[in-house]
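Counting starts at 1 for both ligands and their atoms, following the listed order. Excluded from the calculations below are hydrogen atoms, water molecules and symmetry mates; all remaining heavy atoms, backbone and side chain alike, are included.
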Amino acid sequence: MRPIKSIVNPQSESFQTNYAANSAAVERLKLELARSTRGGGEQYVKRHLARGRLLPRERIEMLLDEGSFFLEIAPLAGIGMPNEFVGAGVVGGVGLVSGRECIIVANEATVKGGAVSEIGQLKNRRLSDVGMQNHLPSVSLVESAGADLPVQAKIFVPGGRGFREITRRSKLRIPSISVVFGNSTAGGAYLPGMSDYVIMVRNQAQVFLGGPPLVKMATGEVVDEESLGGAEMHSRVSGLSDYLAEDELDGLRIAREIVSHFSEPPFKPRPSIVEAPLYSSDELLGIASADIRVPFEVREVIARIVDGSRFDEFKSRYGATLVTGFAYIHGFPVGIIANNGVLMSESAGKGAQFIHLCNQQDIPLVFLQNITGFMVGRAYEEQGIIRNGAKLINAVSNSTVPAITIMIGGSYGAGNYAMCGRAYEPRFLFTWPNHRIAVMGPQQLSGVMDIIKREAAVKAGVAPDEEKLTASKKALESQIEQESDVYFATARLWDDGIIDPRDTRTVLAISLSAAYNRPVEGTMEWGVFRH
Ligand code: COA
């Protein structure tokens, strides 16, 4: 396989401009990520530590193998949203425990006693999906006041799914462990209740459907917390706890021991020699356009993320706005599908064909998404752009090999769907800080609405109110601008997190490795293709 020959000029004005803007965006990302580790704030962290307890990130660190990676999922969930803390009161991600890749979920007890907020619930659901889709065992580090009571209307009904999913994973032989470190009430109690293995920490874990005040209200019974749901009681009397841990570290040690009994995933490529790319990942900051409207050469990105920069391009001269081809990332074979301009009929058809080929050979897919959408206009409609775009969406929807999507720029319109956006269930989806996402650009969207309103006025026989129209166009443009922002998106779990572009290769390798916990099996069965 031949290496891509880069023609990037780091001295050029565009490189320098992009580099400065993208570096600033990465600095902001680092700042936001640092802020996301502060839990519920100084007062609550101090109180937690004074109780002799470890913080959730410390628990995760002690659980993981020495030197393990931790691919954090949605660390900035909830950012900028009312009634939400950054991270949404949960820390979660993929890491190595006793040599096995596991999904780890830790309640942030310093945020509302670890209660599950609206976005916290979405994040829990996403973490559960990562476990289910990739067949990863889960370790939950539990200390949760159950539902965030003032917002119960938003979470009570959908919240049931989380408990159902634990047992459905169990049925698929994907085991779950709960280590209970503190108070776990109601919904918090069902987390250990539904898990395959339960560890409770002596003198700390308290698990009950309702605490002493509720019991007194309901039945008049007066009972203290330890007798009602302490670790001793559950280990000796109720049988809810399978292991009684002496302290937090002992609980984490027991969890590691349990994972060490789990059987290995059936097949995983274990590459021995991995070639680094020929070009520095640092140059990605100068290559990716900071201004999303300016296109950039995606082969320059591929050259900085694949082994030896080697890329076997498929149909390089046909449907040129979509680049497709085979490569390796840390030794894992991948089929790459990358935007290099607007999607046309030919490029969509080529993408669908390439997805078939990868499924035929059980090769995981990597989507590099930077897309303004499908081409619009009379000639393209006549050519059947909808019909051809549908072929690509059909292939993306029915493909069964793992897909990982990286948003390296814009994501607009049906292009988001055709390039394996969130709704198409890629195993992992990360974004670069320059990412913008919306049904269309703010100017176009407000312009379309302006035309619609003017036409409605004409139909109604009234003169358009210019002042009102200008004001509403401006307001809508600014609303869409705000809603297209990368932080707006990540707050709402539209992705698994914003990453430093220079980490893309590493993030892809960890994601691919995680995906191989489930046998990689392509399909030759598709929906009806329109011709
Ligand atoms: N929903 C929303 N907020 C909650 C909450 C919940 N379920 N549980 C606790 N909080 C809030 C508290 O109001 C408090 O907020 P404040 O500091 O702004 O006043 C903050 O979280 C910390 O709670 P606090 O009681 O001071 O913490 P603690 O560590 O001493 O005790 C618990 C933690 C979990 C033992 C205790 O908060 C509790 O019993 N909560 C209710 C649990 C429950 O009955 N849940 C049922 C859910 S269905």
Contacting atoms of ligand 1, where contact means under 4.0 angstrom from a heavy atom of Gly113: 21 (O)
Polar atom proximity, Leu149 to ligand 1 (N or O, under 3.5 Å): yes
Under 3.5 Å side-chain donor-acceptor pair for Trp432 and Thr504: yes
Protein heavy atom under 4.0 Å of atom 33 (C) of ligand 1: no
Contact atoms of ligand 1, heavy-atom distance to Ala115 under 4.0 Å: 1 (N), 6 (C), 7 (N)
Minimum side-chain heavy-atom gap Val179-Ile254 below 4.5 Å: no
Check: Ser117 main-chain N/O paired with Asp148 side-chain donor or acceptor under 3.5 Å: no
Nearest-neighbour protein heavy atom for atom 44 (O) of ligand 1, which is reported as residue plus atom name and distance: Thr185 CG2, 3.6 Å
Verdict with reasoning, Glu143 to Arg53, per side chain to side chain contact (heavy atoms under 4.5 Å, CB included): CA-CA 11 Å; Glu143 184 163 14; Arg53 298 194 181 182; 2.6 Å; yes
Closest protein heavy atom (residue, atom, distance) for atom 18 (O) of ligand 1: Tyr44 OH, 3.4 Å
Atom 38 (C) of ligand 1: any protein heavy atom closer than 4.0 Å: no
N/O donor-acceptor pair under 3.5 Å between Thr37 side chain and Ala34 backbone: yes
4.0 Å protein heavy-atom contact status of atom 8 (N) of ligand 1, strictly under: yes
Lys NZ or Arg CZ of Arg492 over Tyr487 ring: under 6.0 Å, within 45°: no
Under-4.0 Å protein heavy-atom contact, atom 14 (C) of ligand 1: no
Which segment of Arg51 sits under 4.0 Å of ligand 1 when only heavy atoms are counted: side chain
Test item: Ser446 side-chain N/O and Gln443 main-chain N/O as donor-acceptor pair under 3.5 Å: yes
Ligand 1 atoms in contact with Asp148 (distance to a heavy atom under 4.0 Å): 1 (N), 2 (C)
Flag: protein heavy atom within less than 4.0 Å of atom 21 (O) of ligand 1: yes
Side chains of Asn134 and Tyr516, donor plus acceptor under 3.5 Å: no
Proximal ligand 1 atoms for Asn183, defined as those under 4.0 Å from one of its heavy atoms: 34 (C), 35 (C)
Selection from Lys112, Arg47, Gln43, Glu143 by shortest heavy-atom distance to atom 24 (P) of ligand 1: Arg47
Closest approach of Ala491 to Ile79 (non-hydrogen atoms, all atoms of both residues): CB-O, 3.3 Å
Shortest reach to atom 46 (C) of ligand 1 by a heavy atom, considering only Ala145, Gly188, Ala147: Ala145
Protein residue, atom and distance nearest to atom 48 (S) of ligand 1, heavy-atom basis: Ala186 CB, 3.4 Å
Within 45° cone of Tyr412 ring axis and under 6.0 Å: Arg436 NZ or CZ: no
Per-atom contacts of ligand 1 with Pro150, taking only distances under 4.0 Å to non-hydrogen atoms: 2 (C)
Side-chain (Asp450) to main-chain (Thr470) donor-acceptor, under 3.5 angstrom: no
Under-4.0 Å heavy-atom contact between protein and atom 26 (O) of ligand 1: yes
